[in-house]
Every structure is written in structure tokens, then in C-alpha cells.
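Let me begin by presenting the structure, written as C-alpha cells, before commenting on it.
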Protein chains: 2
Amino acid sequence: MPVPIPPTSRDKILDVAEALFARRGFEGVGMREVAEAAGLGKSSLFHHFRSKAQLYLAVLERVLARIEERLAPTLASGAAPSEKLDRWTDALVDALAEHASAARLLLRGLFEDDAFDAEAWPEGQDTERRIEVILSGITGLLREGIEAGEFRAASPAHTVQTLIGATVYHFASGEFGEGLLGGSLLSAQAVARRKAEIKTFLHHGLAVRPVQSAGGEKT
Amino acid sequence: MPVPIPPTSRDKILDVAEALFARRGFEGVGMREVAEAAGLGKSSLFHHFRSKAQLYLAVLERVLARIEERLAPTLASGAAPSEKLDRWTDALVDALAEHASAARLLLRGLFEDDAFDAEAWPEGQDTERRIEVILSGITGLLREGIEAGEFRAASPAHTVQTLIGATVYHFASGEFGEGLLGGSLLSAQAVARRKAEIKTFLHHGLAVRPVQSAGGEKT
DNA sequence: GTCTATATCACGATAGAC
DNA sequence: GTCTATCGTGATATAGAC
């Protein structure tokens, strides 16, 4: 699989656009800046992506695809719901920690009410479908756990919101989060610590009978 | 206190700017649009605020002041830490639910690494100080609860991040959150439900011995 | 596919009359 | 304190040569 294919112009553009959009948002980035960062002229950029909105949606779609790819296997096994929820959480945290821009891009996509009218673009439907798949996966898992008696009867929708906050917001919090935690959010140690904190929270918050540990690291 | 003083131009500007910045961010809003929404010419707006950054910081400062005003009393009493944490959570949710724009503005302030160089403006130091006061308040309360044996030895910083996610992100999630929850985020019922869900999560996630309920509403 | 040149428009901010 | 008019700049996007 890791055959070193030289990156196309399109891939290079998506890489630099992802970093820029994550940091400053859709409105805060200019196509000129993207083009220069990719080593192209502005018009060449418009040759690959017809508009700024299309570029943004392509970036978002790629991020969502990477996340979905990580989450899907964790739901497919026949393990117990609490076990699957642990794996799902680990996989989401890994996906968000792998690329520093993923969480920020995703958070922007979730709380910024599509200012550029995503529904008008066909590409926008792809991203919405990805989100629906991810959401129905975790919501279904929560329901399954409640029916199996492993989780208390919390609202799945509210619990999903809490999970998003604990993961996507955390890894999107950038300088603020680093100031609060006192170090990088993305170091292997910090990522492992976050997983343990969330899972411990989940166990004591969702399990009918409290569980002892979630694989504790030492700080 | 509720003497109907006619709103000044400055208040009107802050109101419309708050709504616009919350929805589309600093870069996504133009001074022309703010001026027209406030019923002024663009130059009149620049008479009240010397720059766009100063207007944005004034908006943010007002939002933070409203929140801090609500949170301070919950930490001042001599109640037990778990009791104070419940009251703090209720107060924060109330503050975020009162103005639809507060959560979005706050979330942007937390995860967008001050693109407009807040430290260069004297007003930016006011907002940073407000955030520090709020953070040290909740962090101190968590530490107090751990020392008193009411909370397990979770990382206060990680717990604060989870709390922010559960509250600020939730109320900032807009259309996405409403689609997930199946209704308004800000109705009295939805707000009460969110409080109950968070507090139940906190009790089972922080208490050394699990507590039964957090004042459950029915859906 | 990449380039130069250009069209069109909105931006933040200022000058100065009233 | 509000206005009209304008400055200088940079935005998205297009035309068309190579």
C-alpha cells in the first residue's frame, strides 16, 4: 500500500487549503494565498477547482472520509456495546489527532451554518451524507447499549453532542487548549491521556454499574 | 432596575454586531453590513468604533461579562463542591441559552487563534482576563472537590475541556444540533433537558460513589 | 496545465461638509 | 453624530496566449 506516488497538483492544493481553512476559516482565506502556498498561480488553482466553495467542500469531504474510514471498523465487530464504544472513541481521537487541521475543520463545519450555501453545490451533499453515516453509526451503538442494559437510558442525541464536545472541540481548541493543558494537544502522551479521560468519563457516566478503570496512564 | 432607558447607538451596534459575528465570524462580516443592520451609515459606525477589531472585542467583552456575572455567585457560597458544580453548570447553561449568539461567539473566541492579534489591542487584554477569571474559578472548584473526596482524581484541565464541550459547543451547534436533537436548542424544555443530561453525566463521572439522579425531566 | 492580464466588486478606513 | 465621497487594496473569477 505505501507506494510513493508523487502527489498531484490537486493533492498539494488540498493539503495546503486544509491547513489554511482550518486555521482561519472559509472567509479568512483567499484563493491567492492558497495558490501561492501550493506553488501555483491563482488561475491555475481555478483550473483545478471552479470556485472557492468547491475547494472548501473538497477539503471537508476528504477530512470526513478519513474519519469515517477509521470509525467504520469499530462498529462492525460483534463485541459488546461498551467495548465497541471504547474502540469508537479511540478511533475518533486517533483520527482527530493524526492531522492537526481535522478537528478544526470539522468543528467549523458543524457549528457554522453553511454560510456559502452548501446545499446549492452537489459536493455539499456528499459531505452531508458522510456526517449522516457517522452520526447514525454512533447513535445506533448507543441505542444498542441501552437496549442491552449496558448503558443507562441517557438520550442518545445528547450523548452524541457530549461526545463531539469531548473530542472534536478538544482537539480544535488550539492555543487555548494547550494553555489549559500546559502542553501540546497532539503529542502521543497527550492523546493517550485524552482517550483515558474520556473513557473513564464514559464508563462512570454511561455504565449501569460503574467500572473501575479505562486503562489509566500516569500524567 | 428595569427602567426603560432608550438604547444608545452604541448598544444597538453591539446588538447587531453580536448577532452577525456569531453567525459568520470576524472575517465573514463587513462593517457596511453591520452599519446597515444598525440603521447607520458606514462612517457613523467608524465614529463609534475606530476599527473592526475594536468592535469585535467590545462584543466579545460584553458576552464574557454577562457570563462571568452569572457564574461568580455560584462559586461564592459555602456549599459542598458537588452542589456548587451543579449550580455552576446550571448558571453557565442559562447564560449560554439566554442569548443565542453567546455560545457561538465564545466558541469562536476559544478555538480561533486570535487572527486579528488581540494582544495588540488594549481591549483584548480585558477579554483575556475575563476568561482567566472564569477558568480559575471552575478549575479551583474541581480541585476543591477532589481534595474533599467528592470527585475522583480526574485531571481538572481535561474536565474543564469536557465541560466546555458539553455546554459551549452544544449551544453553538446551531442547525446541526437542532437536527440531531429534533427541535430548538433554546426552548425552556430543551435547556432544562440539557442541564439534566450534563449533571447526570457529571455525577456518574465525577462522584466517588455514583449518585442516583440529577433532577430528571421526562423527554 | 500554467501563465499574464483584466473585469468587477467589496473591503476597511479617512476626509470633511453639515 | 450622521452624512457623501473617496482612497487604496485585495477579493473572486474570467479571458485567452503558450
Side-chain angles (χ1 to χ4, degrees), chain A residues 5-60 108 112 114-124, chain B residues 5-61 105 108 112 114-124:
Chain A
I5 297 171
T8 65
S9 284
R10 193 188 149 91
D11 291 331
K12 176 79 176 172
I13 293 168
L14 286 173
D15 286 342
V16 303
E18 181 175 323
L20 288 169
F21 282 137
R23 235 162 271 278
R24 298 208 295 280
F26 178 79
E27 316 264 10
V29 176
M31 292 296 264
R32 179 189 184 179
E33 192 179 5
V34 175
E36 283 177 3
L40 267 68
K42 205 171 42 168
S43 294
S44 305
L45 173 54
F46 275 97
H47 171 80
H48 291 278
F49 298 92
R50 287 183 203 157
S51 73
K52 186 181 176 182
Q54 193 186 75
L55 171 60
Y56 187 82
L57 288 171
V59 167
L60 200 59
R108 287 186 191 277
E112 289 179 353
D114 309 334
F116 50 89
D117 203 0
E119 279 99 24
W121 299 79
E123 296 86 352
Chain B
I5 296 171
T8 65
S9 283
R10 192 188 150 91
D11 291 332
K12 176 79 176 171
I13 291 168
L14 286 173
D15 286 342
V16 302
E18 181 176 323
L20 287 170
F21 283 136
R23 235 163 269 280
R24 298 209 295 280
F26 179 78
E27 317 263 11
V29 175
M31 292 296 265
R32 179 190 184 179
E33 190 179 6
V34 174
E36 283 177 4
L40 267 69
K42 201 170 49 165
S43 294
S44 305
L45 174 54
F46 274 97
H47 171 79
H48 292 277
F49 298 92
R50 287 180 207 162
S51 73
K52 187 182 176 183
Q54 193 187 73
L55 171 60
Y56 187 83
L57 287 171
V59 166
L60 201 58
E61 220 283 324
L105 234 13
R108 288 187 191 276
E112 287 179 354
D114 309 335
F116 51 90
D117 202 2
E119 278 99 27
W121 297 80
E123 296 87 350

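Here is how names work: the chains are called A, B, and so on, in the same order as the sequence lines, proteins then strands, and each is numbered from 1.
For B:L55 and C:dA13, the CG to P distance is 10 Å, given to the nearest whole Å. In this structure, A:K52 atom NZ and D:dT14 atom C1' are separated by 17 Å, rounded to whole Å. Rounded to whole Å, atom P of D:dT12 lies 15 Å from atom CZ of A:F49. If you measure from atom NE2 of B:H47 to atom P of D:dC3, you get 12 Å, rounded to the nearest angstrom. One can place CD of B:E27 at 11 Å from P of D:dT12, the figure rounded to the nearest angstrom.
For B:R24 and B:E33, the salt-bridge test passes: some basic side-chain N is under 4.0 Å from an acidic carboxylate O.
Legend: residues meeting side-chain contact (heavy atoms from CB on, under 4.5 Å) with A:S43, ordered by chain and number and at least two apart, are absent. In this structure A:A22 satisfies the side-chain contact (heavy atoms from CB on, under 4.5 Å) test together with A:S101, A:R104, A:L105, sequence neighbours excluded. The side-chain hydrogen bond (donor to acceptor under 3.5 Å, both in side chains) check on A:R32 picks up A:E36, with sequence neighbours excluded. Applying the side-chain contact (heavy atoms from CB on, under 4.5 Å) rule to A:F46 yields the partners A:M31, A:K42; only residues at least two apart in sequence or on another chain are considered. With sequence neighbours excluded, no residue forms a salt bridge (charged side-chain N to carboxylate O under 4.0 Å, His left out) with A:R50. Every residue meeting the side-chain contact (heavy atoms from CB on, under 4.5 Å) condition with A:S44, not counting sequence neighbours, appears here in chain and number order: A:L40.
Near DNA chain D, defined here as any heavy-atom distance below 4.0 Å, the residues from residues 31-40 of chain A are A:M31, A:R32, listed numerically.
Between A:Y56 and A:R108 the shortest side-chain heavy-atom distance falls below 4.5 Å.
Contact annotation: B:S51 does not reach the phosphate of C:dG12 (side-chain N/O to OP1 or OP2, under 4.0 Å).
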Table of protein N/O atoms under 3.5 Å from nucleotides 14-18 of chain C N/O atoms:
{"unit_1": "C:dT14", "atom_1": "O4", "unit_2": "B:S43", "atom_2": "OG", "d": "2.7"}
{"unit_1": "C:dA15", "atom_1": "N6", "unit_2": "B:S43", "atom_2": "OG", "d": "3.2"}

